[in-house]
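A note on names: the letters A, B, ... follow the listed sequences, proteins ahead of strands, and every chain is numbered from 1.
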Amino acid sequence: MSDKLRKFFSEGTTDEITKKLLGKLLVYNSPQGLMSGYITEAEAYLGAKDSAAHAYQGKRTPSNEALYGYPGTVYIYSIHSRLCLDIATQAKDTPEGILIRGIEPYQGIKWMERNRSKHGYNLTNGPGKLMQALGIEDKKMNLLEFGETDLDIKLDDGKIPEKIESSGRIGVSDRGKWTEKPYRFYVAGNPYVSKMAKRDMNLETYGWK
DNA sequence: TACAAGATGCGCT
DNA sequence: GCGCATCTTGTAC
């Protein structure tokens with residue numbers, strides 16, 4: 001529906017889009033109230049050829065169907081009894097996507113603290129954590145598009161990372177060549193990034209320009 | 001602060 | 001049944 005988002009999520013390669021996504025504002029108009037946060041960490045998954053991806057070798061099941069949708073489709077899946085949030089990239093039927101792994105809370109922090117019974121950077125420095133903070137407990141928004149459900153991404157309203165770092169993707173092991181590929185991107189020094197060591201945090205700027 | 005291990009539930013075979 | 005794009009807690013340094 002949103003041509004702008006569809007264009008953003010289909011222009012360039014998925015790893016390039018992932019880097020551009022850092023600093024953009026993720027908005028959730030929840031039943032509790034408005035919540036939002038700047039994206040600090042995300043991973044690219046490159047579809048059929050990527051041995052670490054859910055759609056490796058064209059695998060297609062009801063649960064990963066969203067990856068095959070239009071660019072900007074919401075992909076919610078469960079793992080280890082948690083939920084994670086993905087965005088489908090590239091043209092329809094090209095099953096690439098981006099996993100959102102961390103956000104820096106901006107609006108609705110009080111609700112997030114209540115939802116997770118935690119505070120500080122433990123609130124949203126991981127994919128399952130940020131879903132719990134937002135209060136998303138089911139897959140009702142799966143297969144919908146960002147901008148036409150209560151989830152949205154604001155492309156015009158964001159921060160610029162001072163420096164983007166990369167690493168291998170978290171939680172994947174023994175997936176051949178693709179296991180170690182540097183498709184995890186994060187804002188250097190931002191505390192709302194999973195496994196960020198305290199001494200590497202920049203608590204002055206949070207890593208933004 | 002770094003690492004190890006258990007919890008936990010659902011989708012796929 | 002099994003495996004998993006995770007999280008939390010406990011222990012040792």
Give the rounded distance in Å between these two atoms: CD of A/Glu137 and P of B/dG9.
13 Å
Over-ring placement of A/Lys20 relative to A/Phe8, 6.0 Å and 45° cut-offs
yes
Take the angle between the ring planes of A/Tyr75 and A/His54 and call it parallel below 30°, perpendicular above 60°, tilted in between.
perpendicular
Parallel, tilted or perpendicular: ring planes of A/Tyr121 versus A/Tyr192, cut at 30 and 60 degrees:
perpendicular
What's the OH-C1' distance between A/Tyr56 and C/dC4, to the nearest Å?
17 Å
Please determine if A/Arg101 forms a cation-pi arrangement with A/Tyr186, meaning its NZ or CZ atom is less than 6.0 Å from the six-membered ring centre and no more than 45° off the ring axis.
no
Could you state the CD-P distance from A/Glu65 to B/dC12, rounded to the nearest angstrom?
11 Å
Near-ring test A/Tyr183/A/Tyr45, centroid separation under 6.0 angstrom
no
Reading nucleotides 6-13 of chain C from the 5' end, what letters show protein touch, with B for base, S for backbone sugar-phosphate only, - for no heavy atom under 4.0 Å?
BSS-----
Without decimals, in angstroms, what is the distance between A/Arg60 CZ and B/dG11 P?
18 Å
A/Ser63 side chain near B/dC12 phosphate (N/O to OP1/OP2, under 4.0 Å)
yes
When we call it a touch if two heavy atoms are under 4.0 Å apart, what does A/Ala197 touch: a base, just sugar-phosphate, or nothing?
nothing
Given that A/Arg199 and A/Ser78 both sit by DNA chain B, which one's nearest nucleotide is further toward the 5' end?
A/Arg199
Answer yes if the side chains of A/Glu104 and A/Thr124 hold a donor-acceptor pair under 3.5 Å, and no otherwise.
no
Identify whether any heavy atom of A/Lys59 sits under 4.0 Å from a base atom; if not, whether one sits that close to sugar-phosphate; answer base, sugar-phosphate or nothing.
nothing
Quick one: look up who B/dC10 pairs with, Watson-Crick or G-U, both distances under 3.5 Å, and put none if it's unpaired.
C/dG3
